[in-house]
Trainee: 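Structure in structure tokens, see below.
All of these numbers come straight from a predicted model, not from anything done at the bench.
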Amino acid sequence: DTYWVNGNRYCRECVIYCDYCEDYVLADNASWVESVDSYVCDDCIDDRFTYCEHCSEYYPDGEAMYLEHYNYGVCDNCLERYYIQCDECGEYFLRSEMHFDDITQQNYCEDCYEDEEVDE
């Protein structure tokens with residue numbers, strides 16, 4: 001069996017089928033992605049996946065979130081496990097960086113917590 005990739009013919013061992021772009025690519029240009037249990041080409045990983053900084057895996061963009069404040073992405077599981085959403089600004093922050101206000105019963109990031117203290 002031979003497969004055509006970029007106008008060249010290759011054997012089965014040299015190519016991988018990517019379910020995302022639905023095309024054959026050179027095996028060197030694809031990686032196994034645990035979260036989807038299949039090989040994905042590098043272009044699709046770049047365009048359609050987010051790398052989770054905590055568990056070191058790639059996830060489809062709908063199953064991960066990019067956190068602007070930290071300039072990296074996290075999967076939904078790690079987001080729930082390690083982060084809390086600020087009740088004031090709506091951004092996600094590491095649990096260790098959050099402040100819980102006993103009076104308002106809300107979680108605040110450092111900036112919103114300082115603003116809240118000034119307002120009191």
Trainee: As an exercise, state the distance from CG of Asp61 to CG of Asp47, rounded to the nearest 0.5 Å.
Mentor: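 Reported value, rounded in 0.5 Å steps: 9.0 Å.
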Trainee: Within the supplied structure, the quantity of interest is the number of heavy atoms (other residues, nucleotides, ligands) at a distance under 6.0 Å from Asn6 CG; does it exceed 12?
Mentor: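 No.
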Trainee: Going through the distances and angles, do Asp19 and Ser38 end up as a side-chain contact (heavy atoms from CB on, under 4.5 Å)?
Mentor: CA-CA 8 Å; Asp19 289 328; Ser38 71; 3.9 Å; yes
Trainee: If you take all heavy atoms of Asp28 and Asp42, which pair is closest and at what distance?
Mentor: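 Nearest heavy atoms, Asp28 then Asp42: O-OD2, 4.1 Å.
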Trainee: To the nearest 0.5 Å, how far apart are OG1 in Thr2 and CZ in Arg9?
Mentor: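 With rounding to 0.5 Å, OG1 (Thr2) is 5.0 Å from CZ (Arg9).
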Trainee: Do Ile16 and Val33 land in one hydrophobic cluster if side-chain heavy atoms of ILVMFWY residues count as linked below 4.5 Å?
Mentor: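 No, no single cluster joins them.
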Trainee: Donor-acceptor pair, Tyr59 side chain versus Val36 backbone, under 3.5 Å?
Mentor: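 Here the side-chain-to-backbone pair does not exist.
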Trainee: Around atom CD of Glu80, are there more than 12 heavy atoms of other residues, nucleotides or ligands at under 6.0 Å?
Mentor: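 Counting other residues, nucleotides and ligands, CD of Glu80 stays at 12 neighbours or fewer.
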Trainee: May I have the list of side-chain donor-acceptor pairs in residues 71-78 shorter than 3.5 Å, sequence neighbours left out?
Mentor:
{"residue": "Asn71", "atom": "OD1", "partner": "Tyr66", "partner atom": "OH", "Å": "2.1"}
{"residue": "Tyr72", "atom": "OH", "partner": "Tyr83", "partner atom": "OH", "Å": "2.7"}

Trainee: State yes or no: do Tyr17 and Val40 share one hydrophobic cluster built from I, L, V, M, F, W and Y residues joined by side-chain heavy-atom distances below 4.5 Å, directly or via other members?
Mentor: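 No, Tyr17 does not connect to Val40 through the hydrophobic network.
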Trainee: In the single-linkage hydrophobic clustering (I, L, V, M, F, W, Y; side-chain heavy atoms under 4.5 Å), do Phe100 and Tyr108 co-cluster?
Mentor: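 No: no chain of side-chain contacts under 4.5 Å links Phe100 to Tyr108.
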Trainee: Please check if atom CZ in Arg81 has more than 12 non-hydrogen atoms from other residues, nucleotides or ligands closer than 6.0 Å.
Mentor: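 Counting neighbours around CZ of Arg81, 12 or fewer heavy atoms of other residues, nucleotides or ligands fall under 6.0 Å, so no.
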Trainee: side-chain contact (heavy atoms from CB on, under 4.5 Å) for Tyr92 and His69? Distances and angles first, verdict last.
Mentor: CA-CA 8 Å; Tyr92 284 90; His69 178 75; over 6 Å; no
Trainee: Which atom pair, heavy atoms only, marks the closest approach of Ala30 to Val25?
Mentor: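 Where Ala30 meets Val25 most closely, the heavy atoms are CB-CG2, 4.0 Å.
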Trainee: Supply the atom-to-atom distance Tyr70 OH to Leu94 CG, rounded to the nearest 0.5 angstrom.
Mentor: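 Taking OH in Tyr70 and CG in Leu94, the distance rounds to 3.5 Å.
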Trainee: Please round to the nearest 0.5 Å and tell me the distance separating atom CD of Glu34 and atom SG of Cys55.
Mentor: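 It is 10.5 Å, given to the nearest 0.5 Å.
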Trainee: Please evaluate residues Gln85 and Glu91 with respect to the criterion side-chain contact (heavy atoms from CB on, under 4.5 Å), reporting the C-alpha separation (whole Å), side-chain torsions for both, the decisive distance (0.1 Å), and the verdict.
Mentor: CA-CA 5 Å; Gln85 188 173 24; Glu91 296 290 323; over 6 Å; no
Trainee: Check for a donor-acceptor pair, side chain of Arg12 on one end and backbone N or O of Val15 on the other, with a separation under 3.5 Å.
Mentor: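 Side chain of Arg12 to backbone of Val15: a pair is present.
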Trainee: Is it true that Met98 and Met65 fall in one hydrophobic cluster, defined by side-chain heavy atoms closer than 4.5 Å?
Mentor: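 Cluster IDs for Met98 and Met65 match.
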Trainee: To the closest 0.5 Å, what do you measure between SG (Cys86) and CD (Glu97)?
Mentor: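 Between Cys86 SG and Glu97 CD, I get 12.0 Å after rounding to 0.5 Å.
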Trainee: Taking Tyr58 as the fixed residue, which of Tyr39, Trp32, Phe49, Tyr51 is the one that meets the ring-ring contact (aromatic ring centres under 6.0 Å, His included) rule?
Mentor: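 It is Tyr51; the other options fail the test.
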Trainee: For Glu88 and Cys109: C-alpha separation, side-chain torsions, deciding distance, then whether side-chain contact (heavy atoms from CB on, under 4.5 Å) applies.
Mentor: CA-CA 8 Å; Glu88 184 66 27; Cys109 67; over 6 Å; no
Trainee: For Asn107, is there any backbone N or O sitting under 3.5 Å from a side-chain donor or acceptor partner on Asp87?
Mentor: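 Yes, the answer is positive, given that a donor and an acceptor are paired below the 3.5 Å cut-off.
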Trainee: Would you say Glu63's side chain and Pro60's backbone share a donor-acceptor pair under 3.5 angstrom?
Mentor: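 Here the side-chain-to-backbone pair does not exist.
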Trainee: Is the centre of the Tyr24 ring less than 6.0 Å from the centre of the Tyr3 ring?
Mentor: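 So the answer is yes for these two rings.
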